[in-house]
Amino acid sequence: MAERRKVVLTRAWPAAAEAHLAERYALTRNVDDVPLTQEALGAALAAADALCPTVTDRIDAALLDGLDTRVGIIASYGVGFDHIDVDAARQRGIAVTNTPEVLTDCTADLAMTLLLAAARRAGEGERHVRAGAWAGWRPTHMMGAKVTGKTIGLVGFGRIGRAVAQRAHFGFGMEVLYHDPFAPPPGAAEAVGARRCDSVEALLEAADFVSLHCPATPETRHLMNHERLARMPSHAFLINTSRGDVVDQLALAAALKEGRLAGAGLDVYEGEPKVPDALTALENVVLLPHLGSASEETRVAMGLRVAANLDAFFAGEEPPDRVA
Ligand code: 8YV
């Protein structure tokens, strides 16, 4: 039997996904689930046939430079791949893949979770009850904002943006606006009752809820800065399940503190896992620890999707989710 390919997982995966890979490959697991140092990542790139990183690993040119890499493929566990310098990998002839589609529904569900929780003050209410502060029902207690029938603006209208549109439109009767520099597939906007805005600014001015679904790129870094946040009406809410870098967190915290924005729901942060005190000090922001894809079913499916990419690559075929 041919020697099995060496595959390194940088973090612990759900057992079913690890077992699936272990049947096919000589698998190195990270049983303790402690993030690898840059040195350890470099050693894995030099010794294995495939590296399977996550959002918590930084695979940049500095890491790849000067390495005698054995790895032929970096099969990332997740859809976003801003933690990998894909140009640097491409230049070294290393294929890069991601795991689209399998996490679309769960990430869209989490965007709606944050939207509802922020609008209806669910995080604040939960803290209130647990603190023993609830003095009983009263007509004016913790009034939030109604969601049904309001307008949602989606910045980015890829798979996840469209899945949010579907939920918002059919589930909550919301009017849906979107802005994306790339045109959606024919009929995709009509199918979820979404209307295009020519600019981000026009969308921000018109929406009661803004939800971010664009990738982190140099162009989208701090897209939601002081000026753009100021375009949103003061009754509006910002939801972010994309990447922390898309939002200037301190500008957001200031807008929330000063009442220039009603609330926010965040699943992602710049420099995770750090969350600025300016945000944790506020009641009108719901903060989650990057849970977008964190359902049992999806996290297993992500692992199987990585496996499908590895299987194709080592069979000499084009991996289905190649991004570089
Ligand atoms: C993943 C995500 O859990 O897929 C993504 O882009 O943000 C998350 O759903 C994470 O990236 C794992 O690497």
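Just so you know, ligand 1 is whichever comes first in the structure, and atom 1 is the first atom listed for that ligand. This structure is a prediction, so every number in the text was calculated from the model and none was measured.
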**OP:** Taking atom types as modelled, find out whether Asn98 and Ser76 have a side-chain donor-acceptor pair closer than 3.5 angstrom.
**Re:**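 There is no such pair between these side chains.
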
**OP:** For Ala294, enumerate each residue passing the side chain to side chain contact (heavy atoms under 4.5 Å, CB included) test, keeping only those at least two apart in sequence or located in another chain.
**Re:**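 Listed in chain order: Leu291, Arg299.
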
Original post:
Just distances here: any N/O of Gly78 and N/O of ligand 1 closer than 3.5 Å?
Top reply: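 In this structure, Gly78 places no N or O atom under 3.5 Å from an N or O of ligand 1.
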
Original post:
Taking distance alone, with no angle check, do Thr107 and ligand 1 share an N/O pair under 3.5 Å?
Top reply: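 N/O-N/O distance under 3.5 Å: no.
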
For [atom], what is the nearest protein heavy atom, given as residue, atom name and distance?
atom: atom 11 (O) of ligand 1; value: Val55 CB, 3.4 Å
atom: atom 2 (C) of ligand 1; value: His290 NE2, 3.5 Å
atom: atom 4 (O) of ligand 1; value: Val79 N, 2.7 Å
atom: atom 3 (O) of ligand 1; value: Ser293 OG, 2.9 Å

Please identify which atoms of ligand 1 are closer than 4.0 Å to at least one heavy atom of [X].
X: Arg299; answer: 3 (O)
X: Arg243; answer: 2 (C), 5 (C), 6 (O), 7 (O), 11 (O)
X: Thr54; answer: 13 (O)
X: Tyr77; answer: 12 (C), 13 (O)

Subject >> Arg90, CZ atom: more than 12 neighbouring heavy atoms under 6.0 Å >> reply: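 Atom CZ in Arg90 is packed in, count exceeds 12.
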
Subject >> Crowding at CG, Asp65 (>12 non-hydrogen neighbours, <6.0 Å) >> reply: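 More than 12 heavy atoms, drawn from other residues, nucleotides or ligands, come within 6.0 Å of this atom.
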
Original post:
Is any NZ, NE, NH1 or NH2 atom of the basic residue among Glu101 and Arg305 found under 4.0 Å from an Asp or Glu carboxylate oxygen of the other?
Top reply: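 Salt bridge flag = yes for Arg305 with Glu101.
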
Original post:
Is Asp245 salt-bridged to Arg243, going by a charged N under 4.0 Å from an acidic O?
Top reply: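 No salt bridge links Asp245 with Arg243.
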
**OP:** Sequence neighbours left out, what passes ring pair (Phe, Tyr, Trp, His ring centres under 6.0 Å) with Phe81? Give chain and number order.
**Re:**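 Partners of Phe81 under the ring pair (Phe, Tyr, Trp, His ring centres under 6.0 Å) test: none.
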
Original post:
Which one holds for Leu103 and ligand 1: side chain close, backbone close, both close, or neither close, with close meaning a heavy atom under 4.0 Å?
Top reply: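 Under 4.0 Å from ligand 1, Leu103 contributes side-chain atoms alone.
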
